[in-house]
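Below is one structure; the comments refer to it alone.
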Amino acid sequence: MERSSKDNKKIWGIILAAGEGKRAGGGKLSRNIHGKPMLQHVVEMAAQSSLDGVLLVTGYERNLGEKIAKRAGIKYYYNASYSLGMSTSLKLGISKVPEGISAVAIILGDMPYVQRKTMDSLVSIYKTTDSKIIIPVCNEKKGHPVLMSCKYNEEIYNISGDIGAREIIEKHSDEVLHWQTDDLGILRDIDY
């Protein structure tokens, strides 16, 4: 899925859906939530949002991820190193984003309750401000998805283990915009 943007800031979503889901007993992305797999909710939200493009990084539940991505018309990539942690998926996703993209939205595959209007608001804020990192906040808690300028890509390539971009965000805290929302979905990952 690729769209043209009216301005020069293009934002792609990277859905991280490669993990084993060990804290939830494994294979959580296929769990049924309101009649469909958890991951399908996330993919549909991203694909229907105002993002200029979306890609999915699969791993442990590869077949499910690829099937859902095909149905939604988005690109997908298999992370053979998914067992080495989230950083490997983030790096793979960043490497597959097209040239000329201004920022990426890091979207977690186990957060099916994020509202599309929240994603659209994050995109709009990025395109209309000079903020380089945008983090949604609800009830004084930081959540996901996080938008990050592609100027941090080289730093992302240097992270390792089962972390996302937390260290980079902390290092560049002066460039972070905390955006207040009432969307509790930004806090609800599924780890039961």
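Atom set for the values below is all heavy atoms of this structure, side chains included, hydrogens, waters and symmetry mates excluded.
Between Lys127 and Asp52 there is a salt bridge, since at least one side-chain N of the basic residue sits less than 4.0 Å from a carboxylate O of the acidic one. The pair Lys171-Glu155 meets the salt-bridge criterion, with a side-chain N (NZ, NE, NH1 or NH2) lying under 4.0 Å from an Asp/Glu carboxylate O. The pair Arg166-Glu170 fails the salt-bridge criterion, with no side-chain N (NZ, NE, NH1 or NH2) lying under 4.0 Å from an Asp/Glu carboxylate O.
Tyr157 is listed as a side-chain neighbour of Ser95, based on a closest heavy-atom distance under 4.5 Å. Residues Ile107 and His144 form no side-chain contact, since every pair of their non-hydrogen atoms from C-beta on lies 4.5 Å or further apart. Ile94 is not listed as a side-chain neighbour of Leu92, based on a closest heavy-atom distance of 4.5 Å or more. Between Ser102 and Asn8 the shortest side-chain heavy-atom distance does not fall below 4.5 Å. Two residues are said to be in side-chain contact when any heavy atoms from C-beta on lie closer than 4.5 Å; Lys132 and Tyr152 meet this criterion. Between Val146 and Ile169 the shortest side-chain heavy-atom distance falls below 4.5 Å. Using a 4.5 Å heavy-atom threshold, the side chains of Ile106 and Pro145 count as separate. You'll find the side chain of Ile168 reaches within 4.5 Å of the side chain of Met148, heavy atoms only.
Nearest heavy-atom pair, Val42 versus Ile15, reported as atom, atom and distance to 0.1 Å: CG1-CG2, 4.0 Å. The two atoms that bring Tyr82 and Ala18 nearest to each other are CD1-O, 3.4 Å, heavy atoms only. Residue Pro112 comes nearest to Arg188 through the heavy atom pair CD-O, 4.2 Å, listed as atom of the first residue, atom of the second, then distance. In plain terms, the two heavy atoms of Gly185 and Val114 that are nearest each other are O-CG2, 3.4 Å.
In Glu140, the CD atom is not crowded: 12 or fewer heavy atoms of neighbouring residues, nucleotides or ligands sit closer than 6.0 Å. Residue-environment remark: CG (Asp130) stays at or below the threshold of 12 foreign heavy atoms within 6.0 Å.
Rounding to the nearest 0.5 Å gives a distance of 9.5 Å between OG of Ser89 and CG of Leu84. Note that CG of Leu122 and CG of Leu147 are 5.5 Å apart. Values are rounded to the nearest 0.5 Å. Atom OG of Ser149 and atom NE2 of His172 lie 10.0 Å apart (nearest 0.5 Å). Here Ser121 contributes atom OG and Gln180 contributes atom CD; the two are 13.0 Å apart, rounded to the nearest 0.5 Å. The CG atom of Leu108 sits 10.5 Å away from atom CG of Leu29, with the distance rounded to the nearest 0.5 Å. To the nearest 0.5 Å, the span separating CD on Glu167 from OG on Ser87 amounts to 9.5 Å.
When hydrophobic clusters are built by joining Ile, Leu, Val, Met, Phe, Trp and Tyr residues whose side-chain heavy atoms come closer than 4.5 Å, directly or via intermediates, Ile33 is grouped together with Leu16. By the rule that hydrophobic residues join a cluster once side-chain heavy atoms approach within less than 4.5 Å of another member, Leu56 and Val123 end up as members of one cluster. Both Ile159 and Ile133 are part of a single hydrophobic cluster, where members link through side-chain heavy atoms under 4.5 Å apart. In the hydrophobic clustering of this structure, Ile186 does not group with Met119; members are Ile, Leu, Val, Met, Phe, Trp, Tyr whose side-chain heavy atoms approach within less than 4.5 Å, directly or through other members. Residues Leu187 and Val137 do not share a hydrophobic cluster, clusters being chains of Ile/Leu/Val/Met/Phe/Trp/Tyr side chains in contact below 4.5 Å.
For the salt bridge (Lys or Arg N to Asp or Glu O under 4.0 Å) test, residues two or more places apart in sequence or in another chain that qualify with Lys151 are Glu175. Ser131 is linked by a side-chain contact (heavy atoms from CB on, under 4.5 Å) to Thr129, Ile134, Leu177, counting only residues two or more places apart in sequence or in another chain. With sequence neighbours excluded, no residue satisfies salt bridge (Lys or Arg N to Asp or Glu O under 4.0 Å) with Arg71.
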Mind running side chain to side chain contact (heavy atoms under 4.5 Å, CB included) on Met111 and Met38 for me, showing each step along the way? CA-CA 8 Å; Met111 296 189 71; Met38 179 189 311; over 6 Å; no
Please step through salt bridge (Lys or Arg N to Asp or Glu O under 4.0 Å) for the pair Lys36 and Glu44, ending with a clear verdict. CA-CA 11 Å; Lys36 52 189 166 186; Glu44 287 174 354; 2.6 Å; yes
Step by step, work out the salt bridge (Lys or Arg N to Asp or Glu O under 4.0 Å) result for Glu66 and Arg62. CA-CA 6 Å; Glu66 291 180 359; Arg62 180 181 185 178; 2.8 Å; yes
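Side-chain atoms of Thr128 come within 3.5 Å of backbone atoms of Ser124 as a donor-acceptor pair (strictly under, hydrogens ignored). Listed for the Asp183 side chain is a donor-acceptor partner under 3.5 Å among the backbone atoms of Gln115. Remark: side-chain polar atoms of Lys9 are paired, donor with acceptor, to backbone N or O of Tyr126 under 3.5 angstrom. At distances below 3.5 Å, not a single donor-acceptor pair connects side-chain atoms of Lys10 with backbone N or O atoms of Leu51. At distances below 3.5 Å, at least one donor-acceptor pair connects side-chain atoms of Asp120 with backbone N or O atoms of Ser50.
For the pair Lys70 and Tyr76, the NZ or CZ position fails the cation-pi test of under 6.0 Å to the six-membered ring centre and within 45 degrees of the ring normal.
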